Amino acid sequence: MAPSEHTAEIDGTLAFWREAPAAGTPTLYLHGVPTSSDDWLPFLDRTGGLAPDLPGFGRSGKPGNRRYDMEEYGDWVAAFLDHVEVERVNLVVHDWGVVGLVWAQRAPERVARLVVMNAVPLLPGYRWHRIARVWRTRGAGELAMGAATRWSLKQISREASTTRGPLPQAFLDSSWRHFDQGTQRAILRLYRSSPPEALARAGAGLGALTGPALVLWGEPDPYIPALFADRYAAALGDATAERVPGAGHWPWLDRPEVVDRVAEFLGAGSG
């Protein structure tokens, strides 16, 4: 059965999310840039849970009056869980879905199990990759966004995958479908509000997350080196790092068995 789809106003912004029945503690899946809850469909099929489109992305609202920074997204995650009346979750974050860790550090008792996949490092020592550096530069970022086309997205995606050629067409179609001016604005604001020192500050309380954690990393990620998998595991209270050879930034697209590994880890804490 396909996940059900929902919309409601949350924290002043229209929110879209998907929901599928879960046994035991529900899992909250948070996507990154520039995608949406579409990323999580194979995971929801296996584990159930909740997968929202974050504000500024997918089918959720993209108003110009939001800051689209880490702290605001952390507030939004709290508001979302209040709206759906879920107290405790397993948490799975990918890329900029790491804003879920901003919320989690405020309420570590509400996180049962944690999976971190190729996530933006809320850690010291990270320097933005070249695409992010363009987005963080005023003028250049706007030009890059304005010049984006379906074809250029397809070409850029070739480096994000270890499989020869671009990322799967369905993934590209989904990403491009929602890559409007609202999403472009959200991306620019998010990156520009997140210099390396802000990333490190945002992860200062990771050690408070003492529940079981799995850091799962597509090893040849061109955007975030795999050494940050080990650094995440060291910063968290009870974590294991596993590198996935032959998988890129969206590791489950290259290695579908990543879905199985996540489901196995989350299932170990069900009930």
Side-chain angles (χ1 to χ4, degrees), residues 7-18 29-40 51-80 83 93-103 118-122 126-157 160 167 171-199 201-202 223-224 249-250:
T7 56
E9 184 174 307
I10 298 176
D11 194 29
T13 299
L14 180 69
F16 170 92
W17 71 95
R18 290 179 161 106
Y29 290 97
L30 297 177
H31 68 84
V33 169
T35 55
S36 69
S37 61
D38 291 4
D39 283 356
W40 301 120
D53 288 359
L54 292 169
F57 295 88
R59 303 154 191 82
S60 286
K62 307 174 183 183
N65 62 351
R66 294 191 72 92
R67 301 192 312 271
Y68 299 107
D69 62 18
M70 289 184 283
E71 290 298 317
E72 186 180 68
Y73 275 116
D75 293 341
W76 187 89
V77 172
F80 173 74
H83 180 85
V93 303
H94 172 256
D95 188 77
W96 265 117
V98 78
V99 295
L101 295 184
V102 175
W103 163 79
N118 292 76
V120 171
L122 303 186
Y126 181 60
R127 294 295 178 267
W128 283 116
H129 57 83
R130 71 181 190 284
I131 296 174
R133 292 197 298 271
V134 172
W135 288 341
R136 283 179 44 78
T137 303
R138 296 195 181 277
E142 283 78 4
L143 287 172
M145 289 296 186
T149 64
R150 183 188 293 267
W151 180 86
S152 65
L153 177 66
K154 183 174 183 178
Q155 301 314 306
I156 290 171
S157 81
L167 289 170
F171 175 89
L172 295 170
D173 289 344
S174 169
S175 299
W176 181 251
R177 184 180 308 121
H178 302 295
F179 194 68
D180 55 19
Q181 289 185 348
T183 290
Q184 293 171 23
R185 176 174 56 209
I187 292 170
L188 294 181
R189 290 184 184 177
L190 180 55
Y191 277 90
R192 289 174 183 176
S193 63
S194 304
E197 57 271 20
L199 296 176
R201 285 196 304 270
Y223 310 125
I224 311 172
H249 184 65
W250 286 268

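In what follows, every heavy atom counts, from backbone to side chain, and hydrogens, waters and symmetry copies are set aside. This one's a predicted model, so the numbers in the text were calculated from it and none came from an experiment.
Not counting sequence neighbours, the partners of Glu142 by the side-chain hydrogen bond (donor to acceptor under 3.5 Å, both in side chains) test are Arg192. By the side chain to side chain contact (heavy atoms under 4.5 Å, CB included) test, Leu153 pairs with Leu172, Ser175, Trp176, sequence neighbours left out. Every residue two or more places apart in sequence or in another chain that forms a salt bridge (Lys or Arg N to Asp or Glu O under 4.0 Å) with Arg66 is listed here: Asp11, Glu72. By the side-chain hydrogen bond (donor to acceptor under 3.5 Å, both in side chains) test, Glu9 pairs with no residue at all, sequence neighbours left out. A search for side-chain hydrogen bond (donor to acceptor under 3.5 Å, both in side chains) contacts involving Asp53 returns Ser37, Arg59, not counting sequence neighbours. Residues passing the salt bridge (Lys or Arg N to Asp or Glu O under 4.0 Å) test with Arg130, sequence neighbours excluded: Glu159. The side-chain hydrogen bond (donor to acceptor under 3.5 Å, both in side chains) search around Trp96 returns Tyr191, not counting sequence neighbours. Tyr126 is linked by a ring pair (Phe, Tyr, Trp, His ring centres under 6.0 Å) to Trp128, Phe228, counting only residues two or more places apart in sequence or in another chain. Judged as a side chain to side chain contact (heavy atoms under 4.5 Å, CB included), and not counting sequence neighbours, the contacts of Thr137 are Ala140. Partners of Arg133 according to the salt bridge (Lys or Arg N to Asp or Glu O under 4.0 Å) rule, which considers only residues two or more places apart in sequence or in another chain, do not exist here. Scored by the salt bridge (Lys or Arg N to Asp or Glu O under 4.0 Å) test, Arg18 finds Glu5, Asp38 as partners (sequence neighbours excluded).
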* To do: For side-chain contact (heavy atoms from CB on, under 4.5 Å), just list the numbers for Asn118 and His94, CA-CA rounded to whole Å, side-chain angles, deciding distance to a tenth of an Å, and then say yes or no.
  => CA-CA 6 Å; Asn118 292 76; His94 172 256; 4.0 Å; yes
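His83 and Ala8 get closest at one heavy-atom pair: NE2-CB, 3.5 Å. Gly100 and Leu30 make their closest contact through CA-CD1, 3.5 Å (heavy atoms, listed as atom of the first residue, atom of the second, distance). Taking every heavy atom of both residues into account, Gly58 and Thr183 meet most closely at N-OG1, 4.4 Å. Annotation for Val102 and Gly74: closest pair CG1-CA, 4.2 Å, computed over non-hydrogen atoms. Listed here is the closest heavy atom pair of Ala15 and Ile10: CB-CD1, 3.9 Å.
Considering CE of Met70 and CG of Leu122, their distance stands at 6.5 Å, rounded to 0.5 Å. Between the CG atom of Leu54 and the OG1 atom of Thr35 there is a distance of 9.0 Å, given to the nearest 0.5 Å.
Proximity of Asp95 to His31: side-chain heavy atoms (C-beta onward) are nowhere separated by under 4.5 Å. Pro196 places a side-chain heavy atom less than 4.5 Å from the side chain of Arg127. You'll find the side chain of Thr13 stays beyond 4.5 Å of the side chain of Ser60, heavy atoms only. Using a 4.5 Å heavy-atom cutoff, the side chains of Phe57 and Val33 are in contact. Within the 4.5 Å cutoff, side-chain heavy atoms of Trp76 are placed close to those of Pro52.
Between the side chain of His249 and the backbone N or O of Ser157 there is no donor-acceptor pair closer than 3.5 Å. Although no hydrogens or angles enter the test, the distance criterion places no donor-acceptor pair under 3.5 Å between the side chain of Arg185 and the main chain of Tyr68. Of the possible polar contacts, one joining the Tyr73 side chain to the Pro55 backbone as a donor-acceptor pair under 3.5 Å is found.
Identified under the side-chain hydrogen bond (donor to acceptor under 3.5 Å, both in side chains) test for residues 145-156, with sequence neighbours left out: Thr149-Ser152, Arg150-Asp173, Gln155-Arg158.
Ring geometry for His129 versus Trp135: interplanar angle over 60°, hence perpendicular rather than tilted (30 to 60°).
Tested against Trp40 for a ring pair (Phe, Tyr, Trp, His ring centres under 6.0 Å), the candidates Trp17, Trp250, Tyr29 yield a single pass: Tyr29.
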